[in-house]
Asker: 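Sharing a structure here in structure tokens format.
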Amino acid sequence: MRHILIPFFSAAILALPAHADRLPVPAGAPPAFAAECGSCHLPFPPALLTAPDWKRVMASLDKHYGDNASLDEKTRRELEDFLVRHAATDRRKAGAGDPPRLTESAWFRREHREVPQAVWRDARVKSAANCAACHPRAEAGSYSEREIVVPGLGKHK
Amino acid sequence: METYAAEAAKQAPGYQPSGERGAALYSKRFGVSEKMPACTACHTETPDQAGRHAVTGKAIKPLGPRAEAARFTDAAKTEKWFRRNCSEVVGRECSAAEKADFILFLTEGK
């Protein structure tokens, strides 16, 4: 499959707009952010969803993508404030569905448009929200193309 | 674990924690949740081994304190995860006896 992908990737690189190589979790995150939002999945950078979408997520934690992730009101509030404060202002990240999924925004889909369907279904990836499956330094906020390693396909060319 | 064992003994005099019952609980397929039918769905058959979240794919440090010393040292965290994972996987809250059995199994084996 690689020989098919190489020209595809090269063309795509030329066509890509400015990359979001760095998507760090902003400084000053409440300690509960890593503990509560980072135990089942990567603590997602707040800049991946807009404020209204974060509010929607935080208003329905008892039905959090199939899981009950309820928090006490003080913690919930604190995390919502943090997420909203650092939320995306880019409208390409708006309208991520209901419930909002950061993997459904126009921005995310464009950034990942070169990824073959089979990769999303790969057992090592499991979920499009498993950033670290292909971005090994995602936890450190680094999403540089040079670092991408796609399970089954290898390094991004 | 002592706290759970004491609570269980209060509820049922003569209760003694059992690693064997803990092991059975750990590997039992409850089947309440399709993606997480048992503890092993995320924590693997071997609790001293690193696991992976069955839905998100995120890496999970070993559950066993022999491999991950911090496990079960924070009472609030322990209780939080029993609450969340028992309702998710077992379909109800776990009893104090079950929690003590479970921790004994993970700490000392069967």
Side-chain angles (χ1 to χ4, degrees), chain A residues 25 31-45 48 57 61-76 79 99 101-104 108 112 115 118-140 149-152, chain B residues 26 29-47 49-65 67-94 98-99 102-103 106:
Chain A
V25 169
F33 183 66
E36 299 296 347
C37 308
S39 44
C40 298
H41 54 70
L42 189 94
F44 297 123
L48 287 179
V57 170
L61 285 176
D62 58 329
K63 294 186 191 74
H64 189 66
Y65 312 94
D67 199 1
N68 182 347
S70 305
L71 296 170
D72 62 83
E73 180 52 23
K74 185 170 163 275
T75 311
R76 196 204 64 78
L79 293 175
R101 294 180 188 272
L102 53 90
T103 55
E104 297 284 319
F108 185 95
H112 295 85
V115 179
V119 169
W120 301 117
R121 290 191 300 265
D122 190 290
R124 290 161 289 188
V125 176
K126 264 187 193 291
S127 155
N130 184 10
C131 310
C134 305
H135 301 279
R137 295 186 62 239
E139 189 108 40
V149 185
V150 181
Chain B
Y26 181 78
R29 273 186 78 88
F30 295 94
V32 173
S33 155
E34 193 190 327
K35 288 188 172 146
M36 299 176 181
C39 307
T40 56
C42 298
H43 296 293
T44 83
E45 302 284 335
T46 319
Q49 202 174 283
R52 246 179 119 213
H53 195 282
V55 177
T56 67
K58 187 180 195 287
I60 302 175
K61 287 179 188 163
L63 185 59
E68 186 64 28
R71 293 297 195 191
F72 305 106
T73 55
D74 177 337
K77 192 174 175 185
T78 302
E79 186 51 23
K80 171 192 156 177
W81 286 104
F82 270 129
R83 194 175 57 243
R84 272 188 66 167
N85 290 344
C86 287
S87 65
E88 179 89 26
V89 177
V90 185
R92 56 166 172 81
E93 284 202 28
C94 291
E98 286 171 323
K99 292 174 192 172
F102 191 83
I103 299 175
L106 291 176

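Every chain is numbered from 1, with letters handed out A, B, ... down the list of sequences.
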Asker: Are more than 12 heavy atoms from other residues, nucleotides or ligands located less than 6.0 Å from atom CD of B:E79?
Answerer: yes

Asker: Are more than 12 heavy atoms from other residues, nucleotides or ligands located less than 6.0 Å from atom CD of A:E73?
Answerer: yes

Asker: Hey, could you give me the OG/NE2 distance between A:S127 and B:H53, rounded to the nearest 0.5 Å?
Answerer: 10.0 Å

Asker: So for A:A128, is it side chain, backbone, both, or neither that comes closer than 4.5 Å to the heavy atoms of chain B?
Answerer: neither

Asker: Under a 4.5 Å heavy-atom cutoff, which of A:A69, A:A129, A:A132, A:A133 has the most pairs with chain B?
Answerer: A:A69

Asker: Is any side-chain heavy atom of A:D67 less than 4.5 Å from a side-chain heavy atom of B:R84?
Answerer: yes

Asker: Answer yes or no: is there a donor N or O on one side and an acceptor on the other, between the side chain of B:T56 and the main chain of A:C40, under 3.5 Å?
Answerer: yes

Asker: Heavy atoms only, distances under 4.5 angstrom: which of B:K35, B:K80, B:R52 has the most pairs with chain A? Name it, please.
Answerer: B:R52

Asker: Chain B heavy atoms under 4.5 Å from A:S39: which part of the residue, side chain, backbone, both or neither?
Answerer: both

